[in-house]
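Here is the structure we will look at, set down as structure tokens.
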Amino acid sequence: FYPLFAGVAVAEGGDFGNIRLSIIGDNRICSLTGAGIFPETGLGPLGSLYRIVSRQHCRVSRLLATCVIAFLMAASGASAREKDRTLKLYFTHTGEKGEFTYKRNGKFDPAALKKINHFLRDWRRNEPTKMDPRLLDIIGIVYGEVGGREPIHVVSGYRSMKTNDMLRRRGRGAAKKSLHTRGQALDFFIPGVPVSKIRKAGLRMQRGGVGFYPTSGSPFVHLDTGSV
């Protein structure tokens, strides 16, 4: 045991849900690592959260030790209680509809992701890809923030390179290195919700790129998981 955890029943390598505490006595290093903290950030494993590299820094009060452990246990519990996430989609080009619970108890559901991959396929070539799960989270959070009720109307999901090149030749505004070709972008609108409101919600998240096309035949917003 180290003074940091004085009075708290923590043994070396003790686990708290998805959170692991490690104590390395010889070189006076205390570290806390975890994968279940702050699920809304989409960061996944956070690696080292807290590292103290000297003996005297490890000599903290019981109150601080208790607060640290309480915080980690609460964060782990929050992850375990994370609500399921579901997307209601309608593909404007194929007429297909689907409702997909792609995340359960904070974990992506591989079977649901596979169905979404097919749903958001390159409809011209009937070719799917692996869509970026982070994109689904962004879309789902934005949908909730803007108060969406109707299914998300997909204008464009995955585009193969051949389709993308064809659209470029026709002057349809497709970027040469479009994130659609990597499964990292979605063009969509939500009936009953102004596209300007969707755009603002996407910008507030600062989780990827945001495109705005209010003068298109069917106005839509582009969201992706590229650099902000």
Side-chain angles (χ1 to χ4, degrees), residues 42 85-103 108-110 112-228:
R85 291 187 178 176
T86 300
L87 289 178
K88 295 186 294 183
L89 304 174
Y90 170 75
F91 208 140
T92 58
H93 294 291
T94 65
E96 295 174 340
K97 296 179 181 180
E99 186 167 330
F100 308 96
T101 301
Y102 68 93
K103 207 170 191 181
F108 290 109
D109 183 327
L113 293 180
K114 187 175 181 179
K115 292 179 180 178
I116 291 175
N117 291 340
H118 176 74
F119 188 93
L120 296 177
R121 66 194 182 279
D122 181 336
W123 60 275
R124 293 177 176 88
R125 300 178 59 83
N126 198 32
E127 180 182 322
T129 194
K130 289 184 179 180
M131 299 298 294
D132 187 344
R134 298 174 300 168
L135 177 64
L136 307 181
D137 269 346
I138 292 173
I139 301 298
I141 293 171
V142 166
Y143 183 82
E145 285 194 5
V146 301
R149 293 290 182 268
E150 296 295 319
I152 295 166
H153 280 46
V154 177
V155 176
S156 182
Y158 169 63
R159 288 202 301 260
S160 66
M161 284 301 301
K162 289 185 178 180
T163 294
N164 199 66
D165 290 344
M166 177 270 291
L167 293 175
R168 283 174 52 78
R169 288 194 300 270
R170 295 183 179 181
R172 299 291 293 273
K176 184 176 182 179
K177 296 183 179 180
S178 171
L179 291 179
H180 285 280
T181 64
R182 303 178 188 176
Q184 291 182 257
L186 195 75
D187 296 344
F188 69 98
F189 63 93
I190 304 170
V193 180
V195 288
S196 59
K197 186 175 182 179
I198 300 173
R199 172 179 176 267
K200 289 178 182 177
L203 289 172
R204 281 197 301 270
M205 290 189 67
Q206 297 186 355
R207 296 265 292 272
V210 179
F212 185 49
Y213 303 89
T215 60
S216 175
S218 294
F220 65 90
V221 171
H222 163 105
L223 295 183
D224 63 52
T225 55
S227 301
V228 178

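Count residues from 1 along the sequence. Scope of the values below: all heavy atoms of this structure, side chains included, with no hydrogens, waters or symmetry mates. Values in this document were obtained by computation on a predicted structure and should not be read as measured data.
Ile141 places a side-chain heavy atom less than 4.5 Å from the side chain of Arg85. Counting heavy atoms from C-beta outward, Arg134 and Arg207 have side chains that stay 4.5 Å or more apart. No side-chain heavy atom of Tyr213 sits under 4.5 Å from any side-chain heavy atom of Val221.
Between Asp224 and Ala185, the shortest heavy-atom contact is CB-CB, 3.7 Å. Between Ser178 and Asn164, the shortest heavy-atom contact is CB-OD1, 3.6 Å. Contact detail for Gly183 and Tyr158: the closest heavy-atom pair is N-CD1, 4.2 Å. Of all heavy-atom pairs between Pro191 and Pro151, the closest is CD-O, 3.5 Å. The two residues Gly192 and Pro194 make their nearest non-hydrogen contact at O-CD, 4.0 Å. The shortest non-hydrogen separation linking Trp123 to Thr94 is CB-CG2, 3.7 Å.
Within the model, atoms NE2 of His118 and CG of Leu120 stand 10.0 Å from one another, a figure rounded to the nearest 0.5 Å. The line from CZ of Arg169 to CE of Met166 is 7.5 Å long, rounded to the nearest 0.5 Å. Ile116 contributes atom CD1, which lies 9.0 Å from atom CE of Met131 (distance to the nearest 0.5 angstrom). Remark: Leu89 CG to Lys115 NZ distance equals 13.0 Å, nearest 0.5 Å. Atom CD1 of Ile190 and atom OH of Tyr143 lie 6.5 Å apart (nearest 0.5 Å). Atom NZ in Lys88 sits 11.0 Å away from atom NZ in Lys97 (nearest 0.5 Å).
Few gaps surround CZ on Arg124; more than 12 heavy atoms of other groups in view lie less than 6.0 Å from it.
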Could you go step by step and tell me if Thr225 and Asp132 meet the side chain to side chain donor-acceptor pair (under 3.5 Å) rule? CA-CA 8 Å; Thr225 55; Asp132 187 344; 2.9 Å; yes

Ser160/Thr163 under side chain to side chain donor-acceptor pair (under 3.5 Å): CA gap, chis, key distance, verdict: CA-CA 5 Å; Ser160 66; Thr163 294; 3.2 Å; yes

Between Lys103 and Phe108, is the side-chain contact (heavy atoms from CB on, under 4.5 Å) condition met? List the steps. CA-CA 4 Å; Lys103 207 170 191 181; Phe108 290 109; 4.0 Å; yes

side-chain contact (heavy atoms from CB on, under 4.5 Å), that's the test. Do Leu223 and Leu186 meet it? Break it down for me. CA-CA 6 Å; Leu223 295 183; Leu186 195 75; 5.7 Å; no

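Side-chain atoms of Tyr102 and Asp137 form a donor-acceptor pair, as typed in the model, at a separation below 3.5 Å.
Screening Phe189, Phe188, Phe220 for a ring pair (Phe, Tyr, Trp, His ring centres under 6.0 Å) with His153, the sole residue that qualifies is Phe189.
Judged purely by atom type and a 3.5 angstrom limit, Arg121 has no side-chain atom pairing as donor or acceptor with the backbone of Asn126. For Lys130 (side chain) and Leu113 (main-chain N/O), no donor-acceptor pair under 3.5 Å exists by modelled atom type.
A salt bridge does not link Lys162 with Glu127: every distance from a Lys NZ or Arg NE/NH1/NH2 to an Asp or Glu carboxylate oxygen is 4.0 Å or more.
Counting only residues at least two apart or on different chains, the side-chain hydrogen bond (donor to acceptor under 3.5 Å, both in side chains) pairs with a member in residues 186-201 are His180-Asp187, Asp187-His222.
With sequence neighbours excluded, the residues forming a side-chain hydrogen bond (donor to acceptor under 3.5 Å, both in side chains) with Thr86 are Thr101, listed by chain and number.
Using cut-offs of 30° and 60° for the angle between ring planes, the Phe119 and Phe100 rings count as perpendicular.
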